[in-house]
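Reviewing the structure listed below.
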Amino acid sequence: MKILAIESSCDETAAAVVEDGRTVLSSAVVSQIEEHRLYGGVVPEIASRRHCESIAAITEEALQDAGLALHDIDAFAVTYAPGLIGALLVGVNFAKGLSLASKKSLIPVHHIRAHIAANYISNPRLTPPFLCLVASGGHSHIIEVMDYTRFRVIGRTRDDAAGEAYDKAARAMGFPYPGGKEIDRAAKRGDPSAYSLPRPQVDGSPYDFSFSGLKTAVINLLHNAQQKGEAVNRDDLCASFQQTVCDILSEKLIHAATAFGYRTIAIAGGVSANSGLRQRIESECEKRGWQFCLPQLSLCGDNAAMVGCQAYYEFLAGYTAGLDLNAVASMAVDEVEFF
Ligand code: KG4
Ligand code: ZN
């Protein structure tokens, strides 16, 4: 079954053709990041406009790269939640148009489910159940993937997402948006024990995260040094920040896996591209003899291949939508509603 998938939830317009959930026939992505960088973050109105301009061309590119025509496609899939509402609406309406014109099914896909599904592409033998850490610009979750379409959130952030903490700390350190990648690069040159940063815990919720205190600690450290006229070694601060985030994410993930009896671990979302996090969780899993799965770097950030992959399993479970499908800005991964 060939699914043409569309993704437009934030600042990437993407289209892909995926066969039977696991074989990516094409994956085209156009990023708007250069324009949003001017403003230090994603500007929702600009994002919607750029999606409108790019979506037809990127869909055409995905079809061409796959060597297919529209009539070869068996169903259309689209990210419909969560995300920027105006941005999501562009993809949802475009996919509805394709579905209506082609008289083929429309499959709504939750963005976080799609990020998790990126692992099925990079790890062809991975099947549920497993435990997945999803860390991106908008989300930090520990999720039980009980089946392809059954999820349970056992840990979540109480304030900032991990990627958001990276981006805000990076901004304070003078890096361009989005700074996660920049911190990752600089951290490789620094000493992770140079600065001591807080590791906030959430009382009574051992699997929940809190990153805003860590971000504030970096900002305060920089302000205090500036007021005293002291120099801050940016590489050392990046290395210390990265080590702290990796400690927090990996410790809670391993703790949760132990408590809930999971021996297969996956990571997903933009922050799963982080070199420190990848190495750290890999070595923790190796020590315990657990299986560790992670998406290839090109599938960590937003893309439509992961949407096409998850869509196949949503379709098999009977989750298709009509033309009354709407975009939804906020929706939990384990409380998916289709209308
Ligand atoms: O999944 P994604 O592309 O978009 C959302 O759904 O949010 O994630 C983007 C986030 C940004 O915060 C970005 O800084 C972060 O992922 N990111 C990284 C790295 N690459 C991207 N964070 C840390 N290290 C990286 N190498
Ligand atoms: Zn994402």
Side-chain angles (χ1 to χ4, degrees), residues 5-14 16 27 29-33 36-37 40-42 44 47 51 78-84 87-88 91 109-119 132-141 143 157 160-173 175-188 190 209 211-212 214-215 218 238-239 241-250 267-281 294-307 309-310 329-331 333:
I6 306 279
E7 155 68 41
S8 70
S9 65
C10 189
D11 58 348
E12 264 97 25
T13 322
S27 177
V29 183
V30 59
S31 175
Q32 312 169 353
I33 209 70
H36 295 295
R37 188 169 283 149
V42 176
H51 286 308
V78 64
T79 303
Y80 76 117
L84 301 172
L88 287 166
V109 177
H110 187 284
H111 187 67
I112 300 302
R113 292 185 176 204
H115 269 301
I116 295 170
N119 280 286
C132 190
L133 169 72
V134 181
S136 71
H139 309 272
S140 295
H141 286 131
I143 298 174
T157 185
D160 291 352
E164 195 180 350
Y166 259 99
D167 295 341
K168 288 178 177 168
R171 186 181 181 148
M173 287 189 250
F175 289 113
Y177 176 85
K181 212 174 173 177
E182 311 287 340
I183 291 189
D184 192 7
R185 195 176 302 137
K188 291 180 185 141
F209 303 104
F211 287 109
S212 77
L214 174 60
K215 165 203 70 189
V218 170
C238 287
F241 178 83
Q242 176 130 318
Q243 169 118 320
T244 307
V245 175
C246 292
D247 282 352
I248 295 168
L249 291 173
S250 64
I267 60 175
V271 181
S272 69
N274 185 267
S275 61
L277 189 67
R278 291 167 86 91
Q279 282 161 17
R280 176 69 185 276
I281 299 178
L294 72 184
Q296 65 213 59
L297 287 177
S298 62
L299 296 178
C300 291
D302 291 345
N303 65 87
M306 65 186 193
V307 179
C309 175
Q310 180 61 24
S330 170
M331 186 188 288
V333 71

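Below, all heavy atoms of this structure are taken into account, side chains as well, without hydrogens, waters or symmetry copies. Both ligands and their constituent atoms are indexed starting at 1 by order of listing.
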Q | Selection from C246, G276, G180 by shortest heavy-atom distance to atom 25 (C) of ligand 1 | A | G180
Rounded to the nearest 0.5 Å, how far does [atom2] of [Y] lie from [atom1] of [X]?
X: D11; Y: L84; atom1: CG; atom2: CG; result: 8.0 Å
X: E164; Y: H139; atom1: CD; atom2: NE2; result: 10.5 Å
X: L294; Y: C300; atom1: CG; atom2: SG; result: 7.0 Å

(Q) Once ring-ring contact (aromatic ring centres under 6.0 Å, His included) is applied, do any residues pair with H110, and if so which ones, sequence neighbours excluded? (A) none
Q: Answer with side chain, backbone, both or neither: which part of D167 has a heavy atom less than 4.0 angstrom from an atom of ligand 1?
A: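 Under 4.0 Å from ligand 1, D167 contributes side-chain atoms alone.
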Q | Location of contacts on D184 toward ligand 1, heavy atoms closer than 4.0 Å | A | side chain
What about [X]: any of its N or O atoms under 3.5 Å from an N or O on ligand 1?
X: Y166; answer: no
X: N274; answer: yes
X: E12; answer: no
X: G163; answer: yes
X: P178; answer: no

Q. Does the side chain of P176 reach to within under 4.5 Å of the side chain of R171, using non-hydrogen atoms?
A.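 P176 vs R171: side chains apart.
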Please could you name the atoms of ligand 1 that [X] approaches to less than 4.0 Å, counting only its heavy atoms?
X: H115; value: 1 (O), 6 (O)
X: G301; value: 3 (O)
X: H111; value: 6 (O)
X: G270; value: 1 (O), 2 (P), 8 (O), 16 (O), 17 (N), 18 (C), 19 (C), 20 (N), 21 (C)
X: G138; value: 7 (O)

Q) Pick one: which of L277, I281, V271 meets side chain to side chain contact (heavy atoms under 4.5 Å, CB included) with C246? A) L277
**Q.** Member of V109, L88, V78 meeting the side chain to side chain contact (heavy atoms under 4.5 Å, CB included) criterion with S9
**A.**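 Option passing the side chain to side chain contact (heavy atoms under 4.5 Å, CB included) with S9: L88.
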Whether the side chain of [X] engages the backbone of [Y] through a donor-acceptor N/O pair (distance < 3.5 Å, no angle test) should be reported.
X: H51; Y: C10; value: yes
X: D302; Y: S8; value: no
X: Q32; Y: A47; value: yes

Q.
Students should be able to answer this: which protein heavy-atom is nearest to atom 2 (P) of ligand 1, and at what distance?
A. D302 OD1, 3.7 Å
Q: Give the residue, atom name and distance (to 0.1 Å) of the protein heavy atom nearest atom 9 (C) of ligand 1.
A: G137 N, 3.7 Å
Q.
So, 4.0 Å and heavy atoms of C10: is ligand 1 close enough to count as a contact?
A. no
Q: Mark the output for H139 as yes if a heavy-atom distance to ligand 1 is under 4.0 Å, and as no if none is.
A: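 Checking ligand 1 against H139, which is what was asked, there is no heavy-atom contact under 4.0 Å.
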Q) Which protein N, O or S atoms sit under 2.8 Å from the Zn ion (ligand 2)? A)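 Listed by chain and number, the atoms are H111 NE2, H115 NE2, D302 OD1.
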**Q.** Set of residues satisfying side-chain contact (heavy atoms from CB on, under 4.5 Å) with respect to Q243, sequence neighbours excluded
**A.** P192, R199, D247
Q.
Run the side chain to side chain contact (heavy atoms under 4.5 Å, CB included) test on F211 and K168 for me, step by step, so that the C-alpha distance in whole Å, both residues' side-chain angles and the decisive distance to 0.1 Å come before the verdict.
A. CA-CA 11 Å; F211 287 109; K168 288 178 177 168; over 6 Å; no
Q) For H111 and E7, what are the C-alpha separation, side-chain angles and deciding distance, and is it a side chain to side chain donor-acceptor pair (under 3.5 Å)? A) CA-CA 9 Å; H111 187 67; E7 155 68 41; 3.2 Å; yes
**Q.** Residues in side-chain hydrogen bond (donor to acceptor under 3.5 Å, both in side chains) contact with N274, at least two apart in sequence or another chain
**A.**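 Testing N274 for side-chain hydrogen bond (donor to acceptor under 3.5 Å, both in side chains), a comparison that skips the adjacent residues, returns Y166, Q242.
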